[in-house]
Asks: 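Sharing a structure here in structure tokens format.
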Amino acid sequence: MTPTRWHATGNPTSPGAPIMASTEYRDTHAGGLRREDAGTVVRLAGWAERIRDQGGVVFVDLRDASGIVQVVFRPDVAPEATDAAHELKREYCVRVEGTVQERPEGTANPELATGRVEVEARTVEVLSTADTLPFHLDERTEVEEGRRLKYRYLDLRRPRMTANLLARSQAVGAMRRVMEERGFLEVETPTLIASTPEGARDFLVPSRLRPGQFYALPQSPQLFKQLLMIGGVERYYQIARCYRDEDFRADRQVEFTQLDFEGAFWGQDDVLATLEEISVAVTKAVRGIDLPRPFPRLTYAEALARYGTDKPDIRFGMEIVDLGGVFAATEFQAFATALAAGGAVRGINAGARQMARSALDGLVARARELGAGGLVWLVVEADGSLRSPTTKYLSEAEQTDLVAAFGASPGDVLLLVADRTDKVAAVLGQLRLELGQPSGHEELAYLFVTDFPVFERTEGGDLVPLHHPFTSPVSVEAMRTDPDNAISKAYDLVLNGSELGSGSVRIHDPVVQAAVFEILGISPEAAARRFGWFLEALRYGTPPHAGFAIGIDRMVAILQGERNIREVIPFPKTQTGADPLTGSPSRVEDYQLSDLGIDIRPEVRQAWAEEAGEETAT
RNA sequence: GGGGGCGUGGUGAAGUCUGGAGUUCACGCCGGCCUGUCAAGCCGGAGGUCGCGGGUUCAAAUCCCGUCGCUCCCGCCA
């Protein structure tokens, strides 16, 4: 018998480890049966996926975790079993004993891995009946997601979810293998920790033994893994659950999983090399693709200049072109004003596309929606001239240089934005995605973005740190004297326009750490109060170290072509943080609150009362 | 905190703009027929407070207001 492998129902995806089929209830897995097995007697156990009752002969597609095989009940061969088979319904859990046989001429099913054989049943036993399911398990119709979540245990039986669970397991397995092979130690860190009210909102857990005090759930194991470095664990990793109490997105849950790792005596290149190995192994395990190495690297500044984002999708071109030179002496007010104010004029060549005037004007509206003051569109005519409401403001030379700068051909649509440099980048970056981004994830484009700035400017002009305060700056001095241009030793891994994770070289010198706190505006007193224990730890001989954290949910989702990470999380929460299956979050008994020394605020209780009142009134 | 989309028998959709009897389609479910099907087929049947509340109207799935749920996005996510 061919080794049984886990795979999506009836549709093998990629290889997994063989599992033991033989148990108290069965001796064989359905999905592994092949022609060579003809003649053997097998005992199978699984679910009745489909039943085709011909009145006499009954066919049952029996599904287990390995796949599907057709079981045939024949009244002339096994009258009792056939009588019982007439009573079967979908998703009954059954056990079948029978003989594997090659299917009669012309009845093979090429759609099934087991399609050349069938099991002629001798006996059938119903292990468990099933009510009519609340939705279809086949893939023909999209079921509303709330309903899928309420019955997630049924949703997980669907091929899509089975395949996603498998992919996730394979991805994590590949990660573990790379980590173990390279000598990383898997170490667990606590999930009840001290709150550090910065960055994302903490999830808080009240302490019963210390009423009025709270733990926080970790947003990441950041400080603990640095303590492990100080503790002499030179290579650490963990599949770590992280919690951030912020609003949901398609690629964000409040509870998510990272591959967290860190190395002592490491610099940036050690981290990136490890990341490449992990990504290559995971991609091979999930998609069967051998990725070329090394991955491309872009600095943050390059990424922003060429793609308008720090997480560029480099599966397609349409790069942003700087036109400051072309319009250095322009008389077109909109461009001249932007350049004079230190801003930029840039554009993208959206390529040859037939766009009606209304569609082009739609792009102008879209650009305004994205925050630009406006958008100039130009269409390259067959003779190389430009058609646009704006051409009358542009000199002959500017028009010629413009076409040259874009390397534009007849039919091409050119889109120009002039504004503050960061706004120009953001708007063009978004337009580029909307006009050119491939829809699926067939092709995979990994890259590293390096040299992130230490600070960024908010809309209001304030300087705010881009990373956590343990990130090593390239130069403390530059951080102090030229904060706008200071670079930190931080880097991201990007796949198809999504940030898979980020990491940095950490500060290992307590003097540097104190200086960075100070520059970030954290007073020595505040630093001592919040991170005193950590600052002290740094003083006892801290090795230089660096690390990273990969978002496993995002990575698996992209590899599986899923738009939403909920599809690769077995039991996710809805956008409002609820679990329709178990009813979390929920109110608790008064005595539980009393144990914790906690009162619900009057206005909340008032809202509860009103809600209850409405219910009783109806 | 803000903006958009969706909510119609068990499931998925059409109907909503332009008000006129719970109308339609596919799947499922129940009953019957059927001995080689594989999205089995054929015949028959049951099943809905159009998310909920209020309003406009002779009349509301349809228009208006509110609310709940799901979802996408902005803000937020060091």
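Per chain, numbering begins at 1; letters A, B, ... match sequence-line order. Because the structure is predicted, anything quoted here is derived from the model rather than measured.
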Asks: Can you tell me if the side-chain N/O atoms of A:R52 get under 4.0 Å from OP1 or OP2 in B:U37?
Replies: no
Asks: Looking for any heavy atom pair under 4.0 Å, which part of the strands does A:E142 touch: base, sugar-phosphate only, or nothing?
Replies: sugar-phosphate
Asks: Using the C1' atom as the point on both nucleotides, what is the distance between B:A46 and B:G2, in whole Å?
Replies: 47 Å
Asks: Taking atom types as they are modelled, would you say the side chain of A:R103 forms a donor-acceptor pair with the base of B:C38 within the 3.5 Å cutoff?
Replies: yes
Asks: Under 4.0 Å between a side-chain N or O of A:R201 and OP1 or OP2 of B:C77?
Replies: no
Asks: Looking at A:R147, does any N or O in its side chain come under 4.0 Å of the phosphate oxygens OP1/OP2 on B:G10?
Replies: no
Asks: With heavy atoms under 4.0 Å as the rule, sort A:P580 into base, sugar-phosphate or nothing.
Replies: nothing
Asks: Could you give me the CA-CA distance, side-chain angles and deciding distance for A:D61 and A:R52, then say whether salt bridge (Lys or Arg N to Asp or Glu O under 4.0 Å) is met?
Replies: CA-CA 9 Å; A:D61 288 338; A:R52 293 176 294 281; 2.9 Å; yes
Asks: At under 4.0 Å between heavy atoms, what does A:R50 touch on the DNA or RNA strands: base, sugar-phosphate, or nothing?
Replies: sugar-phosphate
Asks: Using a 4.0 Å heavy-atom cut-off, does A:P134 contact any base of the nucleic acid, only the sugar-phosphate backbone, or nothing at all?
Replies: sugar-phosphate
Asks: In Å, rounded to the nearest 0.5 Å, how long is the span from CD of A:E567 to CZ of A:R160?
Replies: 3.5 Å
Asks: Identify which nucleotide among B:C73, B:U37, B:C72 has an atom closest to any side-chain atom of A:N564, counting heavy atoms from C-beta outward.
Replies: B:C72
Asks: Which of the following nucleotides, B:A78, B:U37, B:U35, is nearest to the side chain of A:V57?
Replies: B:U35
Asks: So which nucleotide from B:C29, B:C76, B:G12 ends up closest to the side chain of A:D247?
Replies: B:C76
Asks: Among B:G12, B:G75, B:C72, which nucleotide sits nearest the side chain of A:A250?
Replies: B:C72
Asks: Between B:C76, B:U35, B:C38, which nucleotide gets closest to the side-chain atoms of A:P75?
Replies: B:U35
Asks: Can you check the distance between B:U56 and B:C27, where both ends of the measurement are the C1' atom (answer in whole Å)?
Replies: 39 Å
Asks: Would you check, one step at a time, whether the test ring-ring contact (aromatic ring centres under 6.0 Å, His included) holds for A:F517 with A:F531?
Replies: CA-CA 10 Å; A:F517 276 146; A:F531 303 112; 5.4 Å; yes
Asks: Phosphate oxygens OP1/OP2 of B:C70: is one of them under 4.0 Å from a side-chain N or O of A:T576?
Replies: yes
Asks: Between B:A78, B:G12, B:A40, which one does the side chain of A:Q54 approach most closely?
Replies: B:A40
Asks: Taking B:G45 as the reference, what is the distance to B:C58 when you measure between their P atoms (whole Å, please)?
Replies: 40 Å
Asks: Need one value for A:E144: base, sugar-phosphate or nothing, where a base atom within 4.0 Å counts as base even if backbone is also close, heavy atoms only.
Replies: sugar-phosphate
Asks: Would you tabulate the nitrogen or oxygen pairs shorter than 3.5 Å linking the protein to nucleotides 15-17 of chain B?
Replies:
none

Asks: Check whether more than 12 heavy atoms from other residues, nucleotides or ligands sit under 6.0 Å from atom CZ of A:R116, and answer yes or no.
Replies: no
Asks: Got a sec: does the CZ of A:R601 have more than 12 other heavy atoms crowding it under 6.0 Å?
Replies: no
Asks: Which value, in whole Å, describes the distance between the P atoms of nucleotides B:U8 and B:C52?
Replies: 10 Å
Asks: On RNA chain B, nearest-nucleotide positions of A:A200 versus A:I51: which is more 5'?
Replies: A:I51
Asks: Has the side chain of A:H136 got a donor or acceptor that lies under 3.5 Å from a partner of the other kind on the base of B:G10?
Replies: yes
Asks: Check for me whether the distance between the ring centres of A:F470 and A:F534 falls short of 6.0 Å.
Replies: yes
Asks: Does a nitrogen or oxygen in the side chain of A:R90 sit under 4.0 Å from OP1 or OP2 of B:C29?
Replies: yes
Asks: Hydrogens and angles aside, do A:Q101 and A:R35 bring a side-chain donor and acceptor to less than 3.5 Å of each other?
Replies: no
Asks: Under 4.0 Å between a side-chain N/O of A:K150 and OP1 or OP2 of B:C70, yes or no?
Replies: no
Asks: Take atom P in B:A13 and the same atom in B:C74, then report the distance between them in whole Å.
Replies: 25 Å
Asks: With nearest nucleotides of RNA chain B determined for A:A108 and A:L466 from heavy-atom distances, which residue corresponds to the more 5′ nucleotide?
Replies: A:A108
Asks: Quick one: which of A:Q437, A:K311, A:H441 gives a side-chain hydrogen bond (donor to acceptor under 3.5 Å, both in side chains) with A:N496?
Replies: A:H441
Asks: Which nucleotide wins on minimum distance to the side chain of A:E145, given the candidates B:C76, B:C70, B:A78?
Replies: B:C70
Asks: Is a side-chain donor-acceptor pair under 3.5 Å present for A:S504 with A:R506?
Replies: yes
Asks: If the threshold is 4.0 Å, N to carboxylate O, is there a salt bridge linking A:R34 and A:D37?
Replies: no
Asks: Distances under 3.5 Å only, N/O to N/O: pair up the protein atoms with those of nucleotides 2-5 of chain B.
Replies:
none

Asks: Which whole number of Å gives the distance between the C1' atom of B:U23 and that of B:U62?
Replies: 13 Å
Asks: Can you check whether A:T574 has a side-chain N or O nearer than 4.0 Å to OP1 or OP2 of B:C70?
Replies: yes
Asks: Output yes when at least one side-chain N/O atom of A:R566 is less than 4.0 Å from OP1 or OP2 of B:U71, else no.
Replies: yes
Asks: C1' atom, B:A40 versus B:C33: distance in rounded Å?
Replies: 14 Å
Asks: Partner of B:C27 by Watson-Crick or G-U wobble geometry, both contacts under 3.5 Å, or none?
Replies: B:G10
Asks: Rounding to the closest angstrom, what is the interatomic distance between B:G9 and B:G47 at atom C1'?
Replies: 5 Å
Asks: Summarise how protein sits on nucleotides 41-49 of chain B as a single string, 5' to 3': B when a protein heavy atom is under 4.0 Å from the base, S for sugar-phosphate-only contact, - for no contact.
Replies: ---------
Asks: Return the stacking result for B:U11 and A:F135: yes when the ring centres lie under 5.5 Å apart and the planes under 30°, no otherwise.
Replies: no
Asks: Below 6.0 angstrom between ring centroids: does that apply to A:Y300 and A:F452?
Replies: yes
Asks: Indicate, with a heavy-atom threshold strictly under 4.0 Å, whether A:E369 touches base, sugar-phosphate, or nothing.
Replies: nothing
Asks: Does A:R249 have a side-chain nitrogen or oxygen under 4.0 Å from the phosphate oxygens OP1 or OP2 of B:U71?
Replies: no
